[in-house]
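Read the structure below first, then the notes.
Since the model is a prediction, treat every value here as computed from it, not as a measurement.
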Amino acid sequence: MKKIILLLALSFLSFSSFSQKKKNERKENPAKVLTKTDQLSAELVPVKDQFRFEFNVDNKGKKDTLFTKKIDVSGNAKSAATKNNNLPVDCRISAIKVKGTSLYCITWKENNTNEITDKTEERTQTYSQLWNASTKTQLLSNVQTVTKIKEILWLDKLKNASQTSEKLRNEGFVFTLTPEGDVILKNKTQENKLTYNTATNKYDNIKSNTAPAVKPSKKK
């Protein structure tokens, strides 16, 4: 009977030790702070085969999450052809004053290289967001993508001769923040200008003041 009690006690201690070890292992994966300005921070949190990229605002010691994006890296680990995993780099938070209101401009990039047979695509996505941290409101979000494409073109069926083709593909709008806090979104065919509206806490398009063209009168 004493032996049974002793074995049960040892089993309980082993289980407690194992549970404590698991708890300690979970604590060994803290969030990585990528950048911080005032009470706002950008963090990368490891979760199993994923990362959670998030913006947090420190509200008197309490952390409130403004933005969250999950980044899956499990597929990239299995494929050597895909690199960089889209993890955020060059992350920056800039405090700006627009029409008397404190706002924050958050930017970061995500790089990805995809190699297919005879073809390589290097993609860079630039993210730009404007936030009002006091109201926890996202005012604007923009994504611009630049893809460099390098491809081997075979000149004969036996693949004895080839030439290399290089292309650059642009998608989305280029984001520019003016010193006054206005936003310009521009691509090859279009340009939009937006300004902050303090009454609505939003960015509004500035309409063109160009007068409509006058139609020629018909001959009598």
Side-chain angles (χ1 to χ4, degrees), residues 32-37 40-46 49-56 66-96 98 103-131 138-154 162-196 202-206 208:
K32 179 181 180 182
V33 179
L34 302 179
T35 187
K36 185 177 182 181
T37 299
L40 203 61
S41 63
E43 301 179 11
L44 195 60
V45 184
D49 54 358
Q50 289 183 335
F51 282 94
R52 191 172 67 246
F53 178 50
E54 59 188 32
F55 303 147
N56 296 310
L66 301 180
F67 171 87
T68 300
K69 180 182 180 182
K70 291 183 179 180
I71 301 174
D72 189 3
V73 296
S74 59
N76 294 316
K78 297 176 183 178
S79 175
T82 305
K83 304 174 184 177
N84 300 331
N85 301 329
N86 290 325
L87 293 178
V89 295
D90 298 336
C91 188
R92 299 178 183 180
I93 300 176
S94 302
I96 56 175
V98 185
L103 304 179
Y104 291 89
C105 179
I106 303 171
T107 60
W108 76 94
K109 293 181 180 180
E110 295 180 7
N111 299 314
N112 183 277
T113 300
N114 189 25
E115 297 178 359
I116 313 171
T117 305
D118 300 333
K119 187 176 181 180
T120 301
E121 293 186 353
E122 296 179 355
R123 184 184 65 183
T124 298
Q125 290 183 296
T126 302
Y127 291 78
S128 306
Q129 295 186 2
L130 286 170
W131 284 85
Q138 184 187 92
L139 308 177
L140 188 144
S141 180
N142 183 72
V143 184
Q144 181 212 6
T145 304
V146 177
T147 306
K148 296 179 182 179
I149 305 170
K150 188 175 182 180
E151 185 175 8
I152 299 174
L153 303 176
W154 298 101
S162 66
Q163 65 181 22
T164 301
S165 171
E166 295 186 6
K167 298 178 182 179
L168 191 66
R169 185 173 66 229
N170 291 284
E171 300 171 87
F173 291 89
V174 177
F175 173 93
T176 303
L177 183 66
T178 69
E180 297 77 24
D182 293 335
V183 172
I184 298 175
L185 301 176
K186 186 177 181 180
N187 60 17
K188 287 185 177 180
T189 60
Q190 189 177 349
E191 180 176 325
N192 301 323
K193 188 173 182 181
L194 301 94
T195 189
Y196 179 63
K202 294 180 179 179
Y203 265 83
D204 297 330
N205 278 297
I206 299 176
S208 174

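Within the 4.5 Å cutoff, no side-chain heavy atoms of V98 are placed close to those of L130. Between K148 and T120, every side-chain heavy-atom pair lies at or beyond the 4.5 Å cut-off. With contacts defined as side-chain heavy-atom distances shorter than 4.5 Å, the pair Y127/K69 qualifies. Taking the side chain as every heavy atom from C-beta outward, S94 and T107 never approach each other to under 4.5 Å. Q138 places none of its side-chain heavy atoms less than 4.5 Å from the side chain of L66.
Applying the side-chain hydrogen bond (donor to acceptor under 3.5 Å, both in side chains) rule to K202 yields no partners; only residues at least two apart in sequence or on another chain are considered. With sequence neighbours excluded, the residues satisfying salt bridge (Lys or Arg N to Asp or Glu O under 4.0 Å) with K186 are E191. Residues passing the side-chain hydrogen bond (donor to acceptor under 3.5 Å, both in side chains) test with E171: none are found, sequence neighbours excluded. Looking at residues two or more places apart in sequence or on another chain, you find no salt bridge (Lys or Arg N to Asp or Glu O under 4.0 Å) involving K36. With sequence neighbours excluded, the residues satisfying side chain to side chain contact (heavy atoms under 4.5 Å, CB included) with T189 are N187. In this structure I149 satisfies the side chain to side chain contact (heavy atoms under 4.5 Å, CB included) test together with K119, E121, T147, K167, R169, sequence neighbours excluded. By the salt bridge (Lys or Arg N to Asp or Glu O under 4.0 Å) test, E151 is found to be paired with no residue, residues two or more places apart in sequence or in another chain being considered. Scanning for side-chain hydrogen bond (donor to acceptor under 3.5 Å, both in side chains) contacts around T195 gives K99, D182, with sequence neighbours left out. With sequence neighbours excluded, the residues satisfying side chain to side chain contact (heavy atoms under 4.5 Å, CB included) with D90 are K109. For R92, the salt bridge (Lys or Arg N to Asp or Glu O under 4.0 Å) test picks out no residue, with sequence neighbours left out. I152 pairs by the side chain to side chain contact (heavy atoms under 4.5 Å, CB included) definition with D118, W154, S162, not counting sequence neighbours.
How far NZ of K193 is from CG of L185: 12.0 Å, rounded to the nearest 0.5 Å. Taken to the nearest 0.5 Å, the CG atom of N112 stands 11.0 Å off from the OG1 atom of T145. Taking CD1 of I106 as the reference point, atom OG1 of T35 lies at 9.5 Å (rounded to 0.5 Å). Separation of atoms CG (L177) and CD1 (I96) is listed at 4.5 Å; rounding is to 0.5 Å. In this structure, OG1 in T68 is found 9.5 Å from CZ in F55, a value given to the nearest 0.5 Å.
Every pair passing ring-ring contact (aromatic ring centres under 6.0 Å, His included) that includes a residue from residues 175-196 is listed here, sequence neighbours excluded: Y196-Y203.
Across all their heavy atoms, E110 and P88 have their closest contact at CG-CA, 4.3 Å. The shortest non-hydrogen separation linking V33 to S41 is CG1-CB, 4.5 Å. Contact record, Y104 with I93: CD2-CG2, 3.9 Å, taken as the closest heavy-atom pair.
Enclosure of atom NZ in K150 is not indicated, since only 12 or fewer non-hydrogen atoms of other residues, nucleotides or ligands lie within 6.0 angstrom.
Taking the six-membered ring where tryptophan is involved, the planes of F53 and W108 are perpendicular, since the angle between them exceeds 60° and thus also 30°.
At least one donor-acceptor pair under 3.5 Å links the side chain of N142 to the backbone N or O of F173.
Side-chain contact, Q190 with N192: a donor N or O sits under 3.5 Å from an acceptor N or O. Inspection of the N56 and E54 side chains reveals an N or O donor paired with an N or O acceptor under 3.5 Å.
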